[in-house]
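Written below as structure tokens is the structure these notes are about.
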Number of protein chains: 2
Amino acid sequence: MKKATRFGDARAVRMNDVAQRANVSPMTVSRALSNPEMVSEKTRDKILAAIEQTGYVPNRIAGSLASNRSNTVGLILPSIRNSLFSETIQAAADVLSKKGYLLLIADSGHLVEEEEKLVEAFLGQRVSGMILHNTEHTERTMAMISNSGIPVVESGDLTSHPMDISVSYSNFEASKAMTRYLLDKGYRRIGFVSLLSKNNNRACLRRDGYLSALEEVGVKADEALMIEAGSSLEAGRGALTKLVQLAEKPDAIFFAGDIMAAGAAFECQKLNIRIPDDIAIASFDDLDILQHMSPSITSLQIPRIEIGHEAASIILSRIEGQETSAVTKDLGFNIVERQST
Amino acid sequence: MKKATRFGDARAVRMNDVAQRANVSPMTVSRALSNPEMVSEKTRDKILAAIEQTGYVPNRIAGSLASNRSNTVGLILPSIRNSLFSETIQAAADVLSKKGYLLLIADSGHLVEEEEKLVEAFLGQRVSGMILHNTEHTERTMAMISNSGIPVVESGDLTSHPMDISVSYSNFEASKAMTRYLLDKGYRRIGFVSLLSKNNNRACLRRDGYLSALEEVGVKADEALMIEAGSSLEAGRGALTKLVQLAEKPDAIFFAGDIMAAGAAFECQKLNIRIPDDIAIASFDDLDILQHMSPSITSLQIPRIEIGHEAASIILSRIEGQETSAVTKDLGFNIVERQST
DNA sequence: TTCGATAATGTTACCGCTATCATGACCCAA
DNA sequence: TTGGGTCATGATAGCGGTAACATTATCGAA
């Protein structure tokens, strides 16, 4: 069965066509486009005119094949849907597009096997670099990456053993710091609502940070105060409901991710639980809405834009041949204190 | 100055290498990968083993060049940052990745000139299709697209003259319907907070829908009730503040986009303005948080996921050669009535 | 036995561009 | 005048695959 390629076969204008029209060799056209200064002004003008007339669009596929370079960079996220990432994506895309690079984006659904497939697909596209918002990978993923020789940034967490480049903040330290902050405020029964820890290393690290802070201060962790919830307003409400029904209620709750804290705050409003008098609330990600709620909610400010920006910048400088050997860039975090604690 | 290509020159394994190791011709390897059923099982096993051993990753760039097909689809958004789009992106990515296609995403910053550049870049990559979340384009953009012959979906608004395929809902009708709904509820001084209309056709269409509804019912539009605001919580608060300070206060406000209604609701809380008793509030996009707030906020439910899904599906079927000539797919919208009106 | 259909594999050319080296034009100092 | 430098351009040979056609092996029916 022959596929009816009814579309896409308007035979495209090639460099050769432009060359003929301009009365030069294809090579000169190529130069006029990628190294204009190597071509005399007169010739260049002729060529540009010919391009204009023919509507020529250079075929980067052919160019990439011939030059063994591509102008794409791959980005793999655990979930595109999570709007927290959109600032990171945008920041990366901005930096890259300024240098003529395009961003290939894909979604691993938090699965390392899926990530493996995507890495392979990206390498197949001969991306010039990759950003992985994840620090756990399959053996094969790591083998493929180290084999490829392209710059790769891991950005989900600051890892001590990056494959190549690490640009992030420490989930463990951030979580620990926020817990410390609550402890310093005098809270002692601190609930901890984790993201689903399955397939999510960052969720585990945050929990460990929480536990570590408690331990340092000598507060015994209480399993009953630690629950997991999906990343939604709904789940946040549910978690809050559960925790306030305990016989020994928490005096504060640290929501370790996403939008859960907002859901919980909404639920408090509904249940007439006063924040922070009855219960304090702290959040991990500093979503815009947290500062607008009444009361406004204390949270960790994560350098999301900087991560995208730095990751892309480092990749670019690597591509351009700058050494910048193995890099680990800690972009830190901030505790933004608000009314809720 | 020679660029130090210290990275990326681990000379990659080629199909030829695999072929030699498996004692077959490159062509057989190619077939084993893309049409396995054309190769005998024995040969296929040999080839797969060779691939495994060498860690071969097919070069899609070369494949695309030779076959004149690519496995990428381009998506251009006015702003990646706007989290409203993330569901659309994800839905499209899901559909595409199931068929082995990758998504190139870029951001036009609401500028048609930027869109033009991106379209050119995408065509340069020989994307198999494109999705543009916008219905206004430069002459050149349209020329390039119609020239390319690839399937292109416009998804920002249901337009009567799509370049090729239109998958969306009608901003005009949606806005009009919501305004009608408010009018039917008995509200007569209805404020309208628009997104910045500059470079944003959709914002204008929504405003027109609002005006049209008013006109139909014979309510005279009042300039004082119509203001523009950026798409942020902050801007929503500001808009509300302005409107309630008017001598003749509105009895309802329709926030025609993004997250502004939530900001306004927060502000009401702070100012002790009762919703809907003192003022009713309606929102255009049905963000998750609107249904969780107290009071919950009436809004228009836009088929964001369906748009991504349909757009990608139609493009795929076009690529595969199905006719589906010029398509206009109206995915509609829903008014979700809640406590705020 | 022989021929043609079918399945499995190979050969060749070429996709559209760029790296590399070769060439020609021009200029100036010796 | 001549030789060698510089600048602008051209010719050639791939990049790593795949389309299209060619070839060989295999097998059953005539």
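The model shown is predicted, which means the values in this text are computed figures rather than measured ones.
For B:V39, whose side chain is taken as the heavy atoms from C-beta onward, the closest listed nucleotide among D:dG17, C:dT9, D:dG10 is C:dT9.
Of the two residues near DNA chain C, A:A66 and B:S40, the one whose nearest nucleotide lies more 5' is B:S40.
Put simply, B:S67 has no side-chain N or O that comes within less than 4.0 Å of OP1 or OP2 on D:dT18. At C:dT18, one or more side-chain N or O atoms of A:S30 fall inside 4.0 Å of OP1 or OP2 (strictly under the cut-off). Regarding contacts with the backbone of C:dA8, every side-chain N or O of B:T28 stays at 4.0 angstrom or more from both OP1 and OP2.
The CE atom of B:M15 sits 17 Å away from the C1' atom of D:dG14 (whole-angstrom rounding). Between A:L65 atom CG and D:dT18 atom P the separation is 12 Å, expressed in whole Å. Rounded to whole Å, atom P of D:dG17 lies 14 Å from atom CG of B:N71. Nucleotide C:dC17 holds its C1' atom 11 Å from the CG atom of A:L33, rounded to whole Å. Summarising the geometry, the separation between CG on B:N35 and P on C:dA7 is reported as 14 Å, rounded to the nearest angstrom.
Contact annotation for A:R69: backbone-only contact, meaning every heavy-atom pair under 4.0 Å involves sugar-phosphate atoms and none involves a base. At the heavy-atom level, A:R31 lies under 4.0 Å from base atoms of the strands shown. At a threshold of 4.0 angstrom between heavy atoms, the contacts of A:S34 with the nucleic acid are absent.
Using a cutoff of 4.0 Å between basic side-chain nitrogens and carboxylate oxygens, A:K117 and A:E114 are scored as salt-bridged.
Separating the CG atom in B:D164 from the CZ atom in B:R318 is a distance of 4.5 Å, to the nearest 0.5 Å.
For the pairing with A:E115, the side-chain hydrogen bond (donor to acceptor under 3.5 Å, both in side chains) check across A:H133, A:H137, A:H110 returns one residue only, A:H137.
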